[in-house]
**Student:** 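The structure under discussion is supplied below as structure tokens; questions concerning it will follow.
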Amino acid sequence: MNRREAHRNRIPLYAKILLGMGFGLGFGFLAMALHWEGFVHNWVAPFGAIFMRLLKLIAVPLVLVSLILGVVNLKDIRNLSRIGLKTILIYVCTTIIAVSIGLTMVSLIKPGRVFPKDKQTEFMEHFQQTVAEREAQMQQVQVESPLQFVVDMVPDNIFQALGDNSKMLQIIFFALLFGVALIVVGPSKTPSIVRFFQQLNLVLLKIIDFIMAFAPVGVFALMAALIVDYSGDAGIFSALGMYALTVVLALAVIIFLVYPLIMRCFGGRTLKQFFHAVFPVQMLAFSTSSSAATLPLTMERTRKHLGVSEEVADFVLPVGVTINMDGTSCYQAVAAVFLAQVLGLDLTFGQMLLILATATLSSIGTPGIPGGSIVMLMIVLDSVGIPIEGLALILGIDRPLDMVRTMVNVTGDMTVACVVDKANKEKSAGPEA
Ligand code: ASP
């Protein structure tokens, strides 16, 4: 490493991302004060859009390649079913805990009871069209059979699935199938295919390094554009303040209490090590509102800074980015009960349980993209008879809350990766090994 490089590397990634965020926020406010909205829109926002595109560009190949390698590295089907089942079970448990926390907080704080009635009509009128658009989207995902979501996991054309970032579950299905077939055939008979994916992985990791070098600029642009976009919406913040506070409090409980507790009891890492590793990932998730876009960094930090083995990280994280969304499911629970409170509907205990079930299931189908959960939230609302139009009340404040829940989503994936890794290492060190 030459001296210039060494100097550049002395500033850690999280500091660069934080600086990008700080300057972006500052610049956004300055631009508003000086009425430079047009400048930000034309000349700054495109860099944020480029950064988001780069992250999304790498998400599909990364999930495909790392999951295939993840399965191949497990070496036999017994290992796969052991780690696979454990992973999915822990993911579902953390999601249920997250939804329960959301339900408890919103029932205790009751933000819907203090919502100003005059604002209710105002928001309904303002967001009517957006809700209509979302409803049209929902018609498409509306299931005819309760098993439709399982049918939708199976691709009928892998190239079409690879060409669509929202088809991540289909890509996961194909990667698992391909990986299992490779193990069964035996890597000794297909060394060039395995080597191909290993080498492709190295190239992808290098591309990720390049993209991350651009992260501070991308984050700067995303933040500046966000401030300018939100400048006219101060009214929304004050009216929905209690609701937003409830969501943030519930998410904070998950990040600062639940995950650290899991980490202490089952994760095998110190809290210092854990928070040091997750912080930059959380900052990127916050700025991009997309856990799929954050995946490259999630994988890198989990492997390098939490010491999670490659075989576990390559399997647990790409699966988690799609099916494990603790922040999203917690948020869906709070949103549903909040809307019921505003509309004066009293939810029974059975309906609360239904919210628990639908929020858990729908978070599995939520794509890890900005606003990915809105369409899924309609399913939750629908299940307990809350009018979908109520969504109009909360859409305006969705983006900032999306940023926070995405932070929770990625932290959850990293936590579970540590738990599975610890259990796996203990098992290998055990008497059976
Ligand atoms: N933006 C979230 C994510 O990418 C999904 C959502 O809750 O809308 O994880």
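One-based numbering, in listed order, for ligands and for the atoms of each. These numbers were taken from a predicted model, which means no experiment stands behind them. Nothing fancy with the numbering, it's 1 onward along the sequence.
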**Student:** When you pair each N or O of ligand 1 with protein N or O atoms, which pairs come out under 3.5 Å?
**Tutor:**
residue, atom, partner, partner atom, Å
ligand 1, 1 (N), Ser289, O, 2.9
ligand 1, 1 (N), Ile369, O, 3.0
ligand 1, 1 (N), Asp402, OD1, 2.7
ligand 1, 1 (N), Thr406, OG1, 3.1
ligand 1, 4 (O), Ser291, N, 2.8
ligand 1, 4 (O), Ser291, OG, 3.1
ligand 1, 4 (O), Gly368, O, 3.3
ligand 1, 4 (O), Ile369, N, 3.3
ligand 1, 7 (O), Thr328, OG1, 2.6
ligand 1, 7 (O), Ser373, OG, 3.1
ligand 1, 7 (O), Arg405, NE, 2.6
ligand 1, 8 (O), Gly372, N, 2.9
ligand 1, 8 (O), Ser373, N, 2.9
ligand 1, 8 (O), Ser373, OG, 3.1
ligand 1, 8 (O), Arg405, NH2, 3.1
ligand 1, 9 (O), Ser291, OG, 2.6
ligand 1, 9 (O), Asn409, ND2, 2.8

**Student:** Under the ring-ring contact (aromatic ring centres under 6.0 Å, His included) definition, can you give me all pairs with a residue in residues 250-278, not counting sequence neighbours?
**Tutor:** His276-His305
**Student:** Assess the residue pair Leu69 and Val65 against the criterion (side-chain contact (heavy atoms from CB on, under 4.5 Å)); give the C-alpha distance rounded to whole Å, side-chain angles, the decisive distance to 0.1 Å, and a yes or no.
**Tutor:** CA-CA 6 Å; Leu69 283 179; Val65 173; 4.2 Å; yes
**Student:** With a 4.0 Å cut-off on N to O distance, would you call Arg303 and Asp314 a salt bridge?
**Tutor:** yes
**Student:** Is it true that a side-chain atom of Glu311 and a backbone atom of Val71 form a donor plus acceptor pair closer than 3.5 Å?
**Tutor:** no
**Student:** Identify, with sequence neighbours excluded, every residue that meets side chain to side chain contact (heavy atoms under 4.5 Å, CB included) alongside Pro367.
**Tutor:** Ile369
**Student:** With a cut-off of 3.5 Å and sequence neighbours excluded, list every side-chain donor-acceptor pair involving residues 83-93.
**Tutor:**
residue, atom, partner, partner atom, Å
Thr87, OG1, Ile83, O, 2.6
Tyr91, OH, Val316, O, 2.8

